Amino acid sequence: MEQICSVLRAEKLNPYAYALTLEAGELARAAQCGQFVHVKCGHSRLLRRPISVCNVEDTRLTLVFEVRGEGTEWLSYREAGDKLDVMGPLGHGFDPSGEKIIVVGGGIGVPPMLYTARKAAGEVHAVVGFRSADRAMLLDELGAVCKSVSVASDDGTLGYHGFVDAVVRDKLSEGGYTAVLACGPKPMLKSIVKVCDEYGVACQVSMEERMGCGVGACLVCAVPMADGTMKHACKDGPVFDAREVDWNA
């Protein structure tokens, strides 16, 4: 559905990331964890910007994004009372039904894991990674819904000095986990999948691909599958069973 949404709150989470809470009506109520919306950024730009669902509270929808170009820069200047043209919810999201799961986020892949953790049916633990401490976000929010939150940073300024796959390996070595749900850059996801394979734990991944139309009509977000086919991150994903994806493509 396409809807004009009012901005209820706009805040800066760190020097790079912004959060917008929208009054989104039925669009918010329909949103599932791991899905995204397509936001029109300015009147003259043809392509919308895909932004993951970070949180939903009744009819209020929270989106978190980093400034990556003109579109998201325009979005970062929105204030309470402004209107946004939003299309969604779109895509296939996470299945958070496992008894004991780990949600993993890297960088701007962290926001969708908050709503995923909130919708988890069982015990949930979070592992999140950032380039540096000044890029950290949503740690308190995750701590409110997760049994534990482990943090890693590339430069060692926050938490474990290194990448999230090492932290996930430590968690899985404890045993008892039924699934890992992850969102982040493809190299991070590939490392997470390898660890999950070692421990025989199911893994779902949200692919961060560039998107054009958001509804499967173009080929911008094509993802190579292990069976040789191609699927659209926007329509068939962005969440896939990790075993479906060709990680060597």
Side-chain angles (χ1 to χ4, degrees), residues 13-14 16-17 19 31-36 51-57 62-66 93-196 198-199 201-208 238-239 242:
L13 301 183
N14 61 41
Y16 313 94
Q32 299 176 3
C33 60
Q35 289 188 302
F36 67 98
I51 302 178
S52 298
V53 172
C54 175
N55 201 17
V56 176
E57 295 277 0
T62 299
L63 308 175
V64 173
F65 61 94
E66 289 183 344
F94 286 109
D95 173 6
S97 61
E99 292 181 12
K100 186 180 179 183
I101 68 172
I102 302 175
V103 296
V104 186
I108 201 60
V110 171
M113 306 321 294
L114 174 59
Y115 193 45
T116 302
R118 285 194 60 219
K119 300 301 286 185
E123 183 177 306
V124 57
H125 298 256
V127 177
V128 294
F130 305 98
R131 291 184 194 172
S132 52
D134 62 344
R135 289 182 177 267
M137 64 177 114
L138 303 172
L139 297 182
D140 291 341
E141 291 83 350
L142 283 165
V145 294
C146 299
K147 188 168 183 180
S148 71
V149 178
S150 302
V151 185
S153 58
D154 295 1
D155 65 357
T157 52
L158 183 66
Y160 172 78
H161 186 179
F163 302 127
V164 292
D165 58 304
V167 183
V168 172
R169 178 177 277 106
D170 285 345
K171 301 291 286 185
L172 292 182
S173 69
E174 300 169 4
Y177 290 96
T178 53
V180 172
L181 284 53
C183 181
K186 192 171 182 178
M188 182 204 92
L189 295 178
K190 185 176 181 179
S191 298
I192 296 295
V193 171
K194 182 179 179 182
V195 174
C196 289
E198 290 175 14
Y199 285 89
V201 175
C203 184
Q204 301 170 40
V205 293
S206 180
M207 306 295 289
E208 288 188 350
V239 177

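No experiment lies behind these values; they were computed from the predicted model shown.
Counting all heavy atoms, side chain and backbone alike, A152 lies closest to V167 at CB-CG2, 4.2 Å. Across every non-hydrogen atom of M137 and G107, the tightest pair is CE-O, 3.9 Å. The two residues G105 and V164 have their closest heavy-atom pair at O-CG1, 4.4 Å. Between N14 and A136, the shortest heavy-atom distance links the atoms ND2-O, 3.3 Å. Nearest heavy-atom pair, C54 versus L114, reported as atom, atom and distance to 0.1 Å: O-CB, 3.7 Å. Closest non-hydrogen pair, L63 versus V53, comes out as CD2-CA, 4.4 Å.
Judged as a ring pair (Phe, Tyr, Trp, His ring centres under 6.0 Å), and not counting sequence neighbours, the contacts of F65 are Y18. Scored by the side chain to side chain donor-acceptor pair (under 3.5 Å) test, K171 finds S148 as partners (sequence neighbours excluded). Partners of E66 according to the side chain to side chain donor-acceptor pair (under 3.5 Å) rule, which considers only residues two or more places apart in sequence or in another chain, are R68. Residues passing the side-chain contact (heavy atoms from CB on, under 4.5 Å) test with E57, sequence neighbours excluded: N55, R60, R118. With sequence neighbours excluded, the residues that form a side-chain contact (heavy atoms from CB on, under 4.5 Å) with S153 are D155, T157, L158. Applying the side chain to side chain donor-acceptor pair (under 3.5 Å) test to R131 and every residue at least two apart in sequence or in another chain returns nothing. The salt bridge (charged side-chain N to carboxylate O under 4.0 Å, His left out) search around E141 returns none, not counting sequence neighbours. Under the rule for a salt bridge (charged side-chain N to carboxylate O under 4.0 Å, His left out), the partners of K147 that lie at least two apart in sequence or sit in another chain are E123. Partners of S52 by side chain to side chain donor-acceptor pair (under 3.5 Å), not counting sequence neighbours: none found.
Between L139 and F130, some side-chain heavy-atom pair lies under the 4.5 Å cut-off. Using a 4.5 Å heavy-atom cutoff, the side chains of I192 and V205 are not in contact. Side chains of D165 and K190 form no contact here, defined as non-hydrogen atoms less than 4.5 Å apart. For the pair L13/L138, a side-chain contact is recorded, criterion being any heavy-atom separation below 4.5 Å from C-beta on. V64 places a side-chain heavy atom less than 4.5 Å from the side chain of I108.
Relative to the ring axis of Y16, R135 places its NZ or CZ within 45° and under 6.0 Å from the centre.
One finds the OG atom of S206 at 10.0 Å from the CG atom of L181 (value rounded to the nearest 0.5 Å). Here CZ of R169 is found 10.0 Å from SG of C196. Values are rounded to the nearest 0.5 Å. F94 contributes atom CZ, which lies 5.5 Å from atom SG of C183 (distance to the nearest 0.5 angstrom).
Within the structure, ring-ring contact (aromatic ring centres under 6.0 Å, His included) pairs that include any residue of residues 138-179 comprise H125-Y177 (at least two apart or interchain). Sequence neighbours left out, not one pair with a member in residues 101-122 passes ring-ring contact (aromatic ring centres under 6.0 Å, His included).
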Show which side-chain atoms of residues 96-104 pair as donor or acceptor with protein atoms under 3.5 Å away, not counting sequence neighbours.
| from | atom 1 | to | atom 2 | distance (Å) |
| --- | --- | --- | --- | --- |
| S97 | OG | D95 | OD1 | 2.7 |
| S97 | OG | D95 | OD2 | 3.4 |

